[in-house]
Every structure is written in structure tokens, then in C-alpha cells.
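Okay, so here's the structure we're looking at.
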There are 2 protein chains.
Amino acid sequence: MPTYDPALSLKLDDQLCFALYSATNALKKMYRPMLERLGLTYPQYLVMMVLWERDGQTVSEIGDKLFLDSATLTPLLKRLENHSILERRRAAEDERIVRVSLTAKGNSLKEMAATVPGEAVGATGCTPDELTTLRDALVQLRTDLMANG
Amino acid sequence: MPTYDPALSLKLDDQLCFALYSATNALKKMYRPMLERLGLTYPQYLVMMVLWERDGQTVSEIGDKLFLDSATLTPLLKRLENHSILERRRAAEDERIVRVSLTAKGNSLKEMAATVPGEAVGATGCTPDELTTLRDALVQLRTDLMANG
DNA sequence: CCCTATTTAATCGTGCGCGATTTAATTTCA
DNA sequence: TGAAATTAAATCGCGCACGATTAAATAGGG
């Protein structure tokens, strides 16, 4: 088995996995100062995008979209609630369910966030086409990994 | 600004950032059962790859390769030391430096890890060419993000 | 030489992710 | 209908990541 095979060697720089891991770490670092202005962390920003698209979703619905479970989301949502960005309320019709609603403050953050995607694109140094291609490849990879895991 | 522009909208599924983030989470989950057999976490596996390539590196050298700092590495290395996988020793010629050396057990893990990359490739459902292309795109992205961050 | 600047690692606090378990509410079906 | 199964969220424990600070050793300039 040749060591120049990028998939099958144990050399760090051959690994897709390390490229993915380190790019994600770099991405989070790049977003940090932008999101700090909104008072959000990166995962919190993702949750907010889910809720800006449709308010009042349940913890499970948010989790299905982000591929996160309640062990991650519950503490995160509580922190956002403590910052008066959203409210968590058990549904009257089914007390197991917790519905998450944005406050006025939470909704207003959407306007402040409007410049974030453009700034982020700038930092990538990629054309929109390149970004689309890369995004689609990563979505496919994620789908495969979750199916074959 | 059209909302179908994948780069500039605030819709979750348009975001490269979310594709990257969620693919990395899926990747770590996929690796977990494989690495559990070696008694390693995913970041620990990366550190081991660095040391299998060249033993006796300093904390900074490991950090330079993985883009991690001592705040992350020191506790991780201590855990590996507690499992007798490596040893940490201050250099006699410069007491600031900590040099990390594999134990026999740490070296022997390399053989057990030999099947991991192949298994991982299988789970991706990608051809080697696709993996190489994606890896190179991610390395380029990482480079750009770290330069423009 | 000594004092300051730099370098290296460690420490501290916060916020994830997630496997595993627990609690509570609802559904199922015998 | 009532016991068992299922579902939803919360809780617990651990291991990252990283910004910020600290401690200690070395290097460098006057």
C-alpha cells in the first residue's frame, strides 16, 4: 500500500479527516470576532439561523436540522434564554415537548447578522461557485458518513 | 441580494460553514468506534499520527502541525501519558521545552491503527480521486481562513 | 553583567458535542 | 384500562478548543 495514497496512509497531511477538522477549527476562529458583536457563539449562531427561518420550533426539530441532540442543545438554549434572546416553554398539548420562541431581541439580531455571511465569504477567498461546489461535496460526504457510520 | 445565493443568505442549508461543521461532527462520530478499539479519541489519534511520523517532538512542534496550542495539547498529552502511551520530559538543554516520546505501547498502536484509514475511506463512499480533490480544497480553504482571519 | 523582552508550556474559565442514563409524559395494546 | 413501550427533554461525565493569563527559562541589548 503506497504511502502517497492520500486515503490509506497514516501521514497527517494525507488525511481528508485532518483537512476537514482543521478547516472547521479555522472557520470557527474566523467567525468568532464577527459573532462576538452579536453576543453569539458559532453553534448559537446556527441555532439562531434555524429559528430565524421558522420561529417556535421544538428542541427536537432544531436538533434534526443541526444534527445535534438535547444534551448539546438544552444547555445552549438555556444560555440564550438567560441572555433574553429566546424563551423555552413546554407545549400545553404535550408536556414532553419544549417549544423555543425568539424574543424581540432575538429577532432583531437577524438584522445585525445580515452582514455576517458576506464577511465570511470574503475571508474564504473563494468564488461563489467554488463555495457552492465545496458545500455540496461536504453535504454529500456528511450524508455518506451518517449512512455508513 | 438574492436569497438563493448560497454564500450570502442566512438560510442554514445554504451555508458552507454549516456543511463544514456538520460534516466534521459526522466524521468524528464515524471515527469513534474505530478509535475506541485503540483507546484513542479523534484528536488523540491526530497527535499520534504526528508522533508516528517523527517521535520526540516538542509540544510546540505538535501544535504547529495540528494548529492547536498548549491549552489544548497539555491536558490531552497528560491523558495519553496517564495511559502509558507517551512520556513528557523537559529538555535538559532548554527547560522551557517539553519533548514528547512514544512508549512501546504508543509505537505498537501504529500497527493497530493501520486499518483505520481504509475503513474510514469506506465510510465516505468516495473514490480516492474525490477524496484528494476535497482534501486539497479544504487545505486551501483553511489556508485562506487563517490568512484572512 | 543585569535588566528587559521573548519564548515555551501550563493554567483557568467557558462553551460545546456526545455517549449514556434518567425523568416524565404520552401512546400502544393486550 | 392499565402495564409496558415509546418519545422528548434533561442530566451527567468526559474531553476537547481556545481566549486570556501566568510562570519559568532563555536570549539580547546596554
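Quick caveat: nothing in here was measured; it's all calculated off a predicted structure. All chains are named by letter (A, B, ...) in the order of the sequence lines, taking the proteins before the strands, and each is independently numbered beginning at 1.
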Give, ordered by number, those residues of residues 35-56 of chain A having at least one heavy-atom distance below 4.0 Å to an atom of DNA chain C; if nothing qualifies, reply none.
-> A/Thr41, A/Pro43, A/Gln44
Examine D/dC16: is either OP1 or OP2 under 4.0 Å from a nitrogen or oxygen in the side chain of A/Tyr21? Give yes or no.
-> no
With respect to the phosphate group of D/dT11, does any side-chain polar atom (N or O) of A/Lys78 fall under 4.0 Å of OP1 or OP2?
-> yes
Atom-to-atom span, CG of B/Leu145 to P of D/dC18 - whole angstrom = 13 Å
What is the distance from CG of B/Asn82 to C1' of D/dG15, rounded to the nearest Å?
-> 13 Å
Phosphate-side-chain proximity, A/Ser70 and D/dA9, N/O vs OP1/OP2 below 4.0 Å = no
For B/Ala19, does its backbone N or O pair with a side-chain atom of A/Arg135 as donor and acceptor, under 3.5 Å?
-> no
In residues 83-95 of chain A, what residues come within less than 4.0 Å of DNA chain D, judged by heavy atoms?
-> A/Arg88, A/Arg90
With heavy atoms under 4.0 Å as the rule, sort B/Leu76 into base, sugar-phosphate or nothing.
-> sugar-phosphate
Nucleotide C/dC16, atom C1' - distance to CG of A/Leu80 in whole Å | 12 Å
Taking atom P of D/dT22 as reference, at what distance in whole Å does atom CG of B/Asp69 sit?
-> 17 Å
Whole angstrom is fine here: how far is it from CZ in A/Arg96 over to C1' in D/dT6?
-> 8 Å
Answer yes or no: does a side-chain N or O of A/Arg79 lie under 4.0 Å from OP1 or OP2 of C/dT14?
-> no
Could you state the CG-P distance from B/Leu66 to D/dC16, rounded to the nearest angstrom?
-> 12 Å
Considering heavy-atom distances to DNA chain C, does A/Phe67 or B/Arg99 have its closest nucleotide positioned more toward the 5' end?
-> B/Arg99
Presence of B/Thr74 side-chain N/O under 4.0 Å of C/dA10 phosphate oxygens OP1/OP2 | yes
Contacts of type salt bridge (charged side-chain N to carboxylate O under 4.0 Å, His left out), residue A/Arg32, not counting sequence neighbours | none
Rounded distance in Å - NZ (A/Lys29) to P (C/dC16) = 17 Å
Any Lys/Arg nitrogen of B/Glu81 or B/Arg88 sitting under 4.0 Å from an Asp/Glu carboxylate oxygen of the other?
-> yes
Say whether, by atom type as modelled, one donor and one acceptor occur between the side chain of B/Thr127 and the main chain of B/Glu130 under 3.5 angstrom.
-> yes
Is a donor on one side and an acceptor on the other found under 3.5 Å between the side chain of A/Thr143 and the backbone of A/Val139?
-> yes
Got a salt bridge between B/Glu61 and B/Arg54, using NZ or NE/NH1/NH2 to carboxylate O under 4.0 Å?
-> yes
Working to the nearest 0.5 Å, report the span between OG1 of B/Thr124 and CD of A/Gln140.
-> 10.5 Å
With a 4.0 Å cut-off, would you call B/Arg37 and B/Glu119 a salt bridge?
-> yes
Does A/Lys11 pair with A/Asp13 as a salt bridge, N-O distance under 4.0 Å?
-> no
Does the pair A/Arg99/A/Glu93 count as a salt bridge with the N-to-O cut at 4.0 Å?
-> yes
Rounded to whole angstroms, how far apart are CD on A/Glu81 and C1' on C/dG15?
-> 17 Å
Given C/dG17, is OP1 or OP2 found less than 4.0 Å from the side-chain N or O atoms of A/Lys28?
-> yes
